[in-house]
Amino acid sequence: MLANLARKALLHARVVLALPTAGAPTLLRPASTSSESRSFTVSYLVNACGLSPESALSASLRVRFETPSRPDSVLGLLKERGFSPTQISDVVSRYPGVLLASPDAILLPKIEFLRSRGFSDPDLARVISAIPRLLARSLEKHLRPTLDYIGDLVQSGENAVAAIKRCPRILYESPGILLIPKITTLRNNGVPRANIGHFVLYHGPRFLASTERFDEAVNKVKALGFNPSKVGFVTALHVIRCMSESSWRKKIGAYGKWGWSDEEVALAFRRHPWCMAVSESKITNVMDFFVNEMGLDTLHIARRPVVISLSLRKRIVPRCSVFQVLLSKGLVHTHSLATSLIVPERRFLEKFVTRYLVEAPQLLDLYNKKMGLTS
């Protein structure tokens, strides 16, 4: 503990001593030009860039300067483009070399290119602070061709921007390493171009897996009976790639506690892949409500797994409260429960509330109370 305190004190002392004032004792001055340069760099990183002393010391191993001229101009450019202090700190701590890049010759052309392709200044601040070394990529050899390739996959420049905002690394990494091998796998397995574009647009992080793991997931989805020509195939691929094999087995076990066989779980997954994306506790709570509160057979739910991914508090409980009243009066049948849960709000109110206000005038108040819209 004392050693850690001493180290922190030393770090802070280095920042304080980085810019010695006239008349300061000679023994407090850096012993060499190299140490003076590093001390100045550490001080600048702390005071101008917002890094902690520890982060500044680490960053000073990768970048060093003796005057603030170039770093000031870089920070000025980032601030002009709307980068927040936190975002600037993130950029500099992850890519200290940016402070030595020419704003006019290196940074601005890349920023202006991305803006010309549809990125707003706030978009760029978020993307670059997430992957600062994007600014180290060649404009002509990497950024332009990679953005063109992504745009071709998702079939528009606007979609390319949306895909990159969801997963900035697809713009940073080489397409030949990150995207092309996996796109090839999907094409070889009969996934249509439109569905590949959908996958890139909405599920870009799934491409960050190794090619081997990606191929394994594709084979698993095929083994579960999904048709590669349908969009459900890439949805299932996304869900499977989001969890470990251990998590997958635990969720099968969570459904198994309610009497579902492995095949019934697989059938539910084929009908609605998102039923395996919810947590084990969500599975337990939703199944408990439907079985013990609504009196439904567990296999009834297996045939309509879409209801499992709905919000218990904001959707299932309020609407089921209305449905129970209607059911008790013989105004609806159990088989229409799933419909009452999945239709949009306006349609639900028209079909299951206002339509029956004569027979059950309490419905609207009951629904609003369960939704938390009344005190």
Side-chain angles (χ1 to χ4, degrees), residues 49 59 62-65 69-84 87-88 90-187 193 196-211 214:
C49 305
R62 291 175 283 165
V63 66
R64 198 167 299 184
F65 41 86
S69 177
R70 175 60 62 80
D72 279 352
S73 61
V74 170
L75 296 185
L77 174 62
L78 297 180
K79 290 174 182 177
E80 287 174 6
R81 295 300 177 177
F83 283 67
S84 70
Q87 289 171 329
I88 289 175
D90 287 341
V91 170
V92 174
S93 64
R94 296 176 187 173
Y95 177 36
V98 71
L99 294 175
L100 298 182
S102 169
D104 294 330
I106 302 298
L107 302 180
L108 192 57
K110 297 172 185 178
I111 290 173
E112 289 299 334
F113 165 72
L114 294 173
R115 290 182 78 248
S116 74
R117 291 300 187 93
F119 288 90
S120 66
D121 282 342
D123 291 339
L124 287 174
R126 286 191 292 270
V127 168
I128 292 172
S129 61
I131 310 289
R133 291 193 65 84
L134 269 174
L135 294 174
R137 283 299 203 176
S138 167
L139 172 56
E140 298 302 330
K141 294 181 179 180
H142 181 82
L143 294 177
R144 190 185 300 276
T146 301
L147 189 51
D148 287 343
Y149 177 67
I150 295 170
D152 181 65
L153 289 175
V154 298
Q155 301 179 36
S156 80
E158 182 179 354
N159 284 344
V161 171
I164 292 164
K165 285 165 61 177
R166 291 188 177 100
C167 184
R169 275 188 62 186
I170 66 173
L171 179 59
Y172 173 74
E173 302 289 350
S174 169
I177 296 174
L178 187 71
L179 290 173
I180 292 175
K182 292 144 192 168
I183 298 298
T184 300
T185 293
L186 294 175
R187 286 174 175 162
R193 177 182 177 183
I196 291 175
H198 175 92
F199 193 59
V200 175
L201 175 58
Y202 293 105
H203 308 304
R206 306 289 74 82
F207 287 95
L208 303 182
S210 68
T211 300
F214 188 88

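Note that this is a predicted model, so its numbers are computed, not measured.
- Salt bridge status for K79 with D72: absent, with no side-chain N to carboxylate O gap under 4.0 Å.
- Considering only heavy atoms from C-beta on, Y149 comes within 4.5 Å of I180 through its side chain.
- The shortest heavy-atom contact between V91 and S129 is CG2-CA, 3.7 Å.
- Atom CD1 of I150 sits about 9.0 Å away from atom SG of C167, to the nearest 0.5 Å.
- The minimum heavy-atom distance linking A125 with Q87 is given by the pair CB-OE1, 3.4 Å.
- Side-chain contact between I128 and L78 is absent, with no heavy-atom pair separated by less than 4.5 Å.
- With a 4.5 Å cut-off on side-chain heavy atoms, L108 and P103 do not count as touching.
- In this structure, H142 contributes its side chain and L171 its backbone to a donor-acceptor pair below 3.5 Å.
- Contact annotation: the side chain of I106 never approaches that of L139 to less than 4.5 Å [non-hydrogen atoms, C-beta and beyond].
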Q. K182 and L186: side chain to side chain contact (heavy atoms under 4.5 Å, CB included), yes or no, with the steps?
A. CA-CA 6 Å; K182 292 144 192 168; L186 294 175; 5.7 Å; no

Q: Let me see the working for I183 and V200 under side chain to side chain contact (heavy atoms under 4.5 Å, CB included), right down to the final yes or no.
A: CA-CA 9 Å; I183 298 298; V200 175; 4.0 Å; yes

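- Within the model, atoms OG1 of T146 and CZ of R137 stand 7.0 Å from one another, a figure rounded to the nearest 0.5 Å.
- Between F65 and R70 the shortest side-chain heavy-atom distance does not fall below 4.5 Å.
- The shortest non-hydrogen separation linking V154 to A160 is CG2-N, 3.4 Å.
- Separation of atoms CG (L134) and CD (E173) is listed at 9.5 Å; rounding is to 0.5 Å.
- Here the straight-line distance linking atom CD1 of I111 with atom CG of L143 works out to 11.0 Å at 0.5 Å rounding.
- Side chains of L75 and L99 form a contact here, defined as non-hydrogen atoms less than 4.5 Å apart.
- Of all heavy-atom pairs between R94 and P132, the closest is CB-CG, 3.7 Å.
- No donor-acceptor distance shorter than 3.5 angstrom exists from the side chain of D121 to the backbone of G82, with no hydrogens or angles considered.
- For the salt bridge (charged side-chain N to carboxylate O under 4.0 Å, His left out) test, residues two or more places apart in sequence or in another chain that qualify with D123 are R126, K165.
- Counting heavy atoms from C-beta outward, I164 and R117 have side chains that stay 4.5 Å or more apart.
- Note that the OG atom of S120 and the CG atom of L124 stand 6.5 Å from one another [nearest 0.5 Å].
- In this pair, F207 and F214 present their aromatic rings parallel. The plane angle is below 30°, not in the 30 to 60° band.
- Rounding to the nearest 0.5 angstrom, the gap separating the CD atom in Q155 from the CZ atom in R193 is 5.0 Å.
- For E112, the salt bridge (charged side-chain N to carboxylate O under 4.0 Å, His left out) partners are R81, R115, not counting sequence neighbours.
- You'll find the side chain of F83 stays beyond 4.5 Å of the side chain of L77, heavy atoms only.
- A donor-acceptor pair under 3.5 Å is formed between the side chain of R166 and the backbone N or O of L201.
- In terms of heavy-atom proximity, N159 sits nearest to S156 at N-OG, 3.0 Å.
- In this structure, G204 and I170 approach most closely via the heavy-atom pair O-CG2, 4.2 Å.
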